[in-house]
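Notes to accompany the following structure.
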Amino acid sequence: MTIRLIATACALLALAGCASNPADCDATDRDASMLRKMNCDYSGGYSAQVKQKEQALNQAREENAMFKQVYDNIAAQQASTRKDLASQQHQQAQLNTSLGQLLGQLKAKHADKGTVQQQVAGLEKQLAAAKAVPASTNPAQLAAKQQELQALQKKVNQLQFSLGYE
C-alpha cells in the first residue's frame, strides 16, 4: 500500500511539473526547490529561456553589425571628404603657384604695356582673393568656386589673346 501511495505522489508531482509555466522558471534562482527545478527542466521552461536569450543575443548582434556598418560608412565618407578637401587644397596650391609664376614673368616681360599690366594686376588681385578663401566641401561654396575658376580661365584666355598667343 505504501508503494502505491508513493507512486501516486510521484505521478502527481510529475503532472505538476508539466503544468509549470516557462515564464516562472528562472535558472539563476538559487532559492528554488529541487522539485521546482526538476519541473522547470522537465517542462522545457529552462530551454525556452535559453532560446529566448539566444534570440535576443542574435538580434543584438545583428543590430551591432548594422551600427558597425553605419559607423564604417560614416568613417569612409569622412575619409573621402578629407581626401577631397586635401585634394582641393593641393590643386589650389598648384594653381596658385603656377599662376603666380606666370604673372610674375609676364609682369617683368611686358612692363611697358599698360593693358597687359592692368590684366596682370586684375589676375593678381583675384589670385590673392583665392588664397584668402579656404577650401570647402559646402556645395554652394563649391559651385561658387567653379564659377570663380571659369572667370579666372576667361581672364587668362583674354590675357593670352592680348599677348598674341593663341
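Positions are given from 1 along the sequence.
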Hey, what do you get for [atom1] ([X]) to [atom2] ([Y]), rounding to the nearest 0.5 Å?
{"X": "L102", "Y": "K109", "atom1": "CG", "atom2": "NZ", "answer": "10.5 Å"}
{"X": "Q158", "Y": "Q119", "atom1": "CD", "atom2": "CD", "answer": "6.5 Å"}
{"X": "L57", "Y": "K53", "atom1": "CG", "atom2": "NZ", "answer": "11.0 Å"}

Exercise. What pair of heavy atoms forms the shortest contact from L106 to V120, and how long is it?
Worked result: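 Closest heavy-atom pair between L106 and V120: CB-CG2, 4.3 Å.
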
Problem set entry | Any donor-acceptor pair under 3.5 Å from Q117 side chain to D112 backbone |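 No.
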
